[in-house]
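Just so it is clear, the values below take in all heavy atoms, side chains as well, and ignore hydrogens, waters and symmetry mates.
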Amino acid sequence: MADLFTGAALFILTVTALGLFKVLRSEIAVERMMAVQLLGTGGAAAVLLLGAATSSPAMTDVALLLMLLAAVSCAAFTSGQSSHTADASEQAEDEA
Amino acid sequence: MTSLANAFTLVAVGCGALLFLAGTLGLLRFPDTLSRLHALSKADNLGLGLIVLGLLPQAESFAGGLKLVCVWLLAQISAATASQLIAGVLYRRKSRP
């Protein structure tokens, strides 16, 4: 049972890495921001599975923290975006 | 009884992992940013939900199981609001001439 959880966690990490590779390469800032969301969810799932595999309940707190960090960084990104006016670099993103 | 719980865990964790794959495939294949955002947050959230559901019978104590559900609730709320915020930024930027 435990090695199955580890296998599932590994699978989820590789899938998340695949998604990260695509998201981090795009030039649109919003898409790069989605990498944080992807890492938060995928990382939390992997940490939960590893916690279940090694039967250590503390890993649930780690997953909680990861989710919180993803949410807070997304909120910080959006509040930063809406305050300043669109400058030249953002115009390029508009066309993209 | 435990074999039933283990079987349920296997099925739920397997489906959760498959949903993560679906979410990432959606992220790779969808044409524009908003649909990618949709694919990303919806599929990953459901994948995480299924994994938490699968891990519930394995949790040592009731409090541990409750904390697992809390992780999923936090994931639901934070992903929903974050996606709305990001979509808002995108929409505001697109609507300006």
Side-chain angles (χ1 to χ4, degrees), chain A residues 1 4-5 7-9 11-12 14-23 26 28-31 33-38 40-42 44-49 51-53 55-57 60-61 63-64 66-75 77-82 85-86 90 93-94 96, chain B residues 6 9-10 13-14 16-18 20-28 33-34 36-37 39-41 43-45 47-48 50-52 54-55 58-61 63-68 70-90 92-94 96-97:
Chain A
M1 183 57 81
L4 182 107
F5 286 153
F11 174 72
I12 288 178
T14 43
V15 163
T16 310
L18 193 69
L20 268 180
F21 178 71
K22 167 77 171 63
V23 164
S26 77
I28 306 174
V30 170
E31 281 204 2
M33 198 58 227
M34 278 152 52
V36 173
Q37 194 67 27
L38 184 63
T41 315
V47 161
L48 278 179
L49 279 169
S55 70
S56 58
T60 317
D61 307 335
L64 266 170
L66 265 175
M67 289 314 302
L68 201 61
L69 280 178
V72 167
S73 48
C74 277
F77 167 74
T78 32
S79 65
Q81 283 293 325
S82 59
T85 59
E90 308 244 333
E93 278 166 17
D94 284 353
Chain B
N6 287 348
T9 304
L10 288 183
V13 168
L18 276 180
F20 264 100
L21 182 69
T24 309
L25 284 183
L27 188 70
L28 298 179
T33 309
L34 274 179
R36 276 196 201 124
L37 181 66
L40 168 74
S41 54
D44 280 6
N45 253 331
L48 186 65
L50 276 179
I51 287 175
V52 162
L55 289 182
Q58 310 292 332
E60 276 81 18
S61 65
L66 208 60
K67 206 185 288 185
L68 276 175
C70 285
V71 168
W72 185 34
L73 279 179
L74 179 63
Q76 294 284 359
I77 297 168
S78 66
T81 43
S83 306
Q84 290 295 332
L85 292 175
I86 290 181
V89 165
L90 208 64
R92 258 197 311 277
R93 188 173 303 164
K94 284 280 190 306
R96 254 174 299 156

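- When the side chain to side chain donor-acceptor pair (under 3.5 Å) test is applied to B:Ser41, the partners found at least two apart in sequence or on another chain are B:Ser83.
- Contact of B:Val13 with chain A is made through the side chain alone, with heavy-atom distances under 4.5 Å.
- In this structure, CD on B:Gln58 lies 4.0 Å from OG1 on B:Thr9, to the nearest 0.5 angstrom.
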Evaluation steps, side chain to side chain contact (heavy atoms under 4.5 Å, CB included), between B:Phe20 and B:Ile51: CA-CA 10 Å; B:Phe20 264 100; B:Ile51 287 175; 3.8 Å; yes
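- Residue A:Met1 touches chain B through its side chain alone, counting heavy-atom pairs closer than 4.5 Å.
- The candidate from B:Leu25, B:Val52, B:Asn45, B:Leu10 with the greatest count of non-hydrogen atom pairs under 4.5 Å with chain A is B:Leu10.
- Contacts of A:Phe5 with chain B are made by side-chain atoms alone, with heavy-atom separations under 4.5 Å and no backbone atom involved.
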Derivation and outcome, side chain to side chain contact (heavy atoms under 4.5 Å, CB included), residues B:Leu27 and A:Met34: CA-CA 10 Å; B:Leu27 188 70; A:Met34 278 152 52; 3.8 Å; yes
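- A:Ser73 contributes a side-chain N or O that, together with a main-chain N or O of A:Ala70, makes up a donor-acceptor pair within less than 3.5 Å.
- Between B:Gln76 and B:Leu48, every side-chain heavy-atom pair lies at or beyond the 4.5 Å cut-off.
- Looking at A:Ile12, the atoms closer than 4.5 Å to chain B (heavy atoms on both sides) all sit in the side chain, from C-beta outward.
- B:Leu55 and A:Ala52 get closest at one heavy-atom pair: CD2-CB, 3.5 Å.
- Of the listed residues (A:Leu49, A:Leu4, A:Val36), the one with the most heavy-atom contacts under 4.5 Å to chain B is A:Leu49.
- Residue contact with chain A, scored on non-hydrogen atoms closer than 4.5 Å, involves the backbone and the side chain of B:Leu21 alike.
- The parts of A:Leu68 that come within reach of chain B are both its backbone and its side chain, each placing non-hydrogen atoms under 4.5 angstrom from that chain.
- In terms of heavy-atom pairs under 4.5 Å with chain A, the best-connected choice from B:Ala79, B:Gly64, B:Gly23 is B:Ala79.
- Among all heavy-atom pairs drawn from A:Met67 and B:Ser78, the shortest one is CE-OG, 3.7 Å.
- In terms of non-hydrogen atom pairs under 4.5 Å with chain B, the most contact-rich of A:Leu18, A:Thr41, A:Leu20, A:Leu48 is A:Thr41.
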Side chain to side chain contact (heavy atoms under 4.5 Å, CB included) between B:Ile86 and A:Cys74, worked out: CA-CA 8 Å; B:Ile86 290 181; A:Cys74 277; 4.0 Å; yes
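- Looking at B:Leu37, the atoms closer than 4.5 Å to chain A (heavy atoms on both sides) sit in the backbone and in the side chain alike.
- Residue A:Thr14: no heavy atom, backbone or side chain, is found under 4.5 Å from chain B.
- Proximity to chain B (any heavy atom under 4.5 Å) is restricted, for A:Val23, to the side chain, taken from C-beta onward.
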